[in-house]
Protein chains: 2
Amino acid sequence: MNSGGPPTLRDVAHEAGVSSAIASRVLNADPHVRVREETRQRIQDAAQSLGYVPHSLARSLRGARAGAIGLVMHGLDSPINVDVLAGAHARCAQSGYVTLLAEAEDLAEDDSRLRAFLARGRLDGVILHSGYGHDDRLLDAISRSVPAVLVNADDDREAPTVRVDDAAATTLAVSHLLELGHREITFIAGPHGSQTSDRREQGYRSALDRADLGDRTDVVHADWSADSGMQAVQEILRRPSLPTGLIVANAVTAAGVLSALRDAAVQVPDSISVITIHDSWFLPHLSVALTAVRLPLQALGAAAATLLIDTIDGRDAAQDAFITDPGPELVLRKSTGSPPARRA
Amino acid sequence: MNSGGPPTLRDVAHEAGVSSAIASRVLNADPHVRVREETRQRIQDAAQSLGYVPHSLARSLRGARAGAIGLVMHGLDSPINVDVLAGAHARCAQSGYVTLLAEAEDLAEDDSRLRAFLARGRLDGVILHSGYGHDDRLLDAISRSVPAVLVNADDDREAPTVRVDDAAATTLAVSHLLELGHREITFIAGPHGSQTSDRREQGYRSALDRADLGDRTDVVHADWSADSGMQAVQEILRRPSLPTGLIVANAVTAAGVLSALRDAAVQVPDSISVITIHDSWFLPHLSVALTAVRLPLQALGAAAATLLIDTIDGRDAAQDAFITDPGPELVLRKSTGSPPARRA
DNA sequence: TTGTAAGCGTTATCAA
DNA sequence: TTGATAACGCTTACAA
């Protein structure tokens, strides 16, 4: 063997009595090469018996592929975002890419982390799970170095974007409440500056407009967290009159909304109906099993990965994409019902 | 510039009118080298103006460090496991390592994914978040290739292991119920074969033993999922008499437990008290706000990373470790209380 | 104080 | 059908 370390291609070639050149071609099953069957055997036996493992760095250094994709996520404390991550990760793994994980905040705040992450040759591309719009600098740095695909950003950005139909989701939620007879529907949005939240708000507004209820729109901002959901409810409860329906822009926030309602002894759905965007495992287990509009989050992550991989592999692609299959879907549970009878 | 691609060290050296050797030393701040201040400036200016980014692959190929750590996790659909991931990831990032993410099941099932992940030179070490004991083959393959640290495995394994004090956690839960006056306490365990669950069960048994209640032990198995928690409750409800206290080995399972109890109209905590291992954001929002024993999961992940990094960097380390700071901590909410008065 | 040159493990281009 | 050999971009003795 060589000098102690793990066996190299040369060790294999030497063992098989051939040059490293054919060893390389044989082991990579290069279709353009015709070797004697017997030689091929010898090489493969040698590789086998030496326990040869190709050195991925050396390979990528020579070729141009790292075989790795960067997943820049945010808010991994929310199961919603983890779903997107899982979808993207699975699709990358399927296609033979390993994935590097990073948090958007970390990279944006700490230049040395950003550099370590984007170090040349390490990544073939990056999926940036954004949505705040505060990350132009981050996107700039990334796309200067490798192809990037955005998830959930607006489409005025400098990279292709993949999205679910946020507006359709809230529209569906509004329709559901409208059909039940609600006319006073408040939307509990995400944080100011979130493009995702803005799109959902737009769906809410236009659905009310279409029902000639455009003057009844009412939006309260939260910040995606459960606590902020509780605060939003407390704010609403301080008003002289309550809405009969609540649409919450995010399932985690909705968990807080339900708790605050319980704390205030407001009956759901008898006094007020609640519906949220995003389905997740915990919704059936909240204080009232929560009705939701399911959005295909794993599919979203997977679509972003597909788009990126197509780009990397030189297939055209690189268009913005809407995930419409499956589309937003109503998951009925126990938190919505008819509005309370009107007090004259 | 060179041939179109991004600038290399040689380009920088050329631009600065020096050799690539000093360029390298200057840019890496090699302490053993004394360069004229003016030269150092010229090199750094050149690097700056060319937008030079070191090629991490070439660097690792030459040196021996990849600057990357593999995080092999399982069950990312549970926030509990995501907490461990977050802790490990943060600690790695802090120390300048990027992280490669993989799912244990994927690697165990698909050899080509395992090979891609462990490809030589890509990783400096791996954290394996295990707990099932089914993964000996996986651990074998990994530790044959790089240093590994286990999370939550038993300590008879072939790699150092980092753990929280599972037994102490259930002991604390038992004590809490005992103090409230409970004597019939059922433990809803994780799946058969889970070492984590076994350790928790042991803490439960020995705590009851110490209270001379060793003959009252009662264990029902679930599988970490919320659904299995519901099933466990249904099984218990079929019995002629009910326990007064339930200790659930996992917070996600506990969510299902509470829902099943609600569905069966069993009052918590009036008819039955419930306490779970693991605190998480959703516990306050369940049908009854759930009392829990908090375990330091992020610290667990971080400790695993620290241990691994120490090993990689050649500091001694590599001992099994218990995370005892902070230790298991009782988080009181509304799901535990005195047992119902005994029917004579 | 700076430059030369030899690798690190592959792959690709020739030539044999 | 196979073998030399030159890159890929960087680090590091060693030499000047």
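Predicted model, so just to flag it, every value in this text is computed and none were measured. Chain letters run A, B, ... following the sequence lines, proteins first and then strands; every chain starts at 1.
The side chain of B/R62 approaches C/dC8 more closely than any other nucleotide in the set C/dT2, C/dA12, C/dC8. Side chain of A/A58, nearest nucleotide from D/dC10, C/dT1, C/dG9: C/dG9. For B/R36, taking side-chain heavy atoms from C-beta onward, the closest of the listed nucleotides C/dC8, C/dT2, D/dA6 is C/dT2. Taking every side-chain heavy atom of A/L61 into account, C/dG9 is the closest of D/dT12, D/dA4, C/dG9.
By the 4.5 Å heavy-atom criterion applied to side chains, A/L114 and A/D110 are not counted as neighbours. A heavy-atom distance below 4.5 Å is not found between the side chains of A/D45 and A/R42.
Of all heavy-atom pairs spanning A/R59 and A/P54, the tightest one is NH2-CB, 3.5 Å. The two residues A/V72 and A/A104 come nearest to each other via the heavy atoms CG1-CA, 3.6 Å. A/H89 and B/L101 make their closest contact through CE1-O, 3.1 Å (heavy atoms, listed as atom of the first residue, atom of the second, distance).
Atom CZ in A/R42 sits roughly 14 Å away from atom P in D/dT1 (whole-Å rounding). Between B/R65 atom CZ and C/dC8 atom C1' the separation is 17 Å, expressed in whole Å. Protein atom CG of A/D11 is 11 Å distant from nucleotide atom P of C/dC8, rounded to whole Å. A straight line from CD1 of B/I43 to C1' of C/dT1 spans 11 Å, rounded to a whole angstrom. Between the OH atom of B/Y52 and the C1' atom of D/dG9 there is a distance of 7 Å, given to the nearest Å. Look at NE2 on A/H14: it is 16 Å from P on C/dT10, rounded to the nearest Å. A straight line from CZ of B/R10 to P of D/dC10 spans 10 Å, rounded to a whole angstrom.
Recorded end-axis angle for the helix from C/dT1-D/dA16 to C/dA16-D/dT1 stands at 50°, based on five pairs per end and rounded to 10 degrees.
The 5' end of DNA chain D is approached more closely, in terms of each residue's nearest nucleotide, by A/V35 than by the other of A/V35 and B/A21. Take the nearest nucleotide of DNA chain C for B/E38 and for B/S20: the residue whose nucleotide is more 5' is B/E38.
Residue contacts for A/I22: at a heavy-atom cut-off of 4.0 Å it reaches the sugar-phosphate backbone alone, with no base atom in range. Here B/L9 lies in heavy-atom contact (under 4.0 Å) with a base.
Put simply, the residue from A/V126, A/L308, A/T311, A/I69 that forms a side chain to side chain contact (heavy atoms under 4.5 Å, CB included) with A/V146 is A/V126.
Donor-acceptor pairing under 3.5 Å is recorded for the side chains of B/S95 and B/R91. Using a 3.5 Å distance cut-off with no hydrogens or angles, the side chains of B/R120 and A/Y52 do not pair a donor with an acceptor.
Applying a 4.0 Å cut-off to non-hydrogen atoms, the residues of residues 24-32 of chain B that approach DNA chain C are B/R25, listed by residue number. Using a 4.0 Å cutoff on non-hydrogen atoms, the parts of residues 114-126 of chain B near DNA chain C are B/R120, ordered by number.
In this structure, the separation between CZ on A/R115 and OG on A/S145 is 13.0 Å, given to the nearest 0.5 Å. Note that the NE2 atom of B/H74 and the CD atom of B/E105 stand 7.0 Å from one another [nearest 0.5 Å]. Separation of atoms OG1 (A/T161) and CZ (A/R163) is listed at 6.5 Å; rounding is to 0.5 Å.
Atom CD of B/Q48 sits in a sparse spot, with 12 or fewer heavy atoms from other residues, nucleotides or ligands closer than 6.0 Å.
A donor N or O paired with an acceptor N or O is not found under 3.5 Å between the base of C/dT10 and the side-chain atoms of A/R59.
The side chain of A/T8 contributes no N or O atom lying less than 4.0 Å from OP1 or OP2 of C/dG9. For the OP1/OP2 pair of D/dT2 and a distance below 4.0 Å, the side-chain nitrogens and oxygens of A/T39 include at least one atom meeting the criterion.
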For side-chain contact (heavy atoms from CB on, under 4.5 Å), just list the numbers for A/L85 and A/H129, CA-CA rounded to whole Å, side-chain angles, deciding distance to a tenth of an Å, and then say yes or no.
CA-CA 9 Å; A/L85 169 62; A/H129 181 216; over 6 Å; no

